[in-house]
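Down below is the structure, laid out as structure tokens.
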Amino acid sequence: MDKYECTVCGWVYDPEVGDPVGGIAPGVAFEDLPDDWVCPSCGAEKDMFEKI
């Protein structure tokens, strides 16, 4: 699974880790995150992330 970086603050979504702050369990691909999910660091929307 691919990692995605927030273009606003640089936080990286790693599907092997998930997003504990946002309640996203490990193993969830970025594409499967809810549409209303936001960066746990800065609050940027999902469309502000780029695959790295």
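Nothing here was measured: the structure is a model prediction, and the numbers come from that model. For the numbers below, each heavy atom of this structure counts, side chains included, while hydrogens, waters and symmetry mates do not. When a residue number appears, it is its place in the shown sequence, counting from 1.
For residues 18-46, there are no salt bridge (Lys or Arg N to Asp or Glu O under 4.0 Å) pairs, not counting sequence neighbours.
When side chains are defined from C-beta on, Cys42 counts as touching Cys6, because their heavy atoms get closer than 4.5 Å. Counting heavy atoms from C-beta outward, Pro26 and Pro15 have side chains that stay 4.5 Å or more apart.
With sequence neighbours excluded, the residues satisfying side-chain contact (heavy atoms from CB on, under 4.5 Å) with Val12 are Lys3, Glu5, Ile52.
Cluster note: Val28 groups with Tyr4, Trp11, Tyr13, Ile24, Phe30, Leu33, Trp37, Phe49 through ILVMFWY side-chain heavy atoms spaced under 4.5 Å, whether in direct contact or through intervening members.
Taking CG of Asp2 as the start and NZ of Lys51 as the end, the distance is 4.5 Å to the nearest 0.5 Å.
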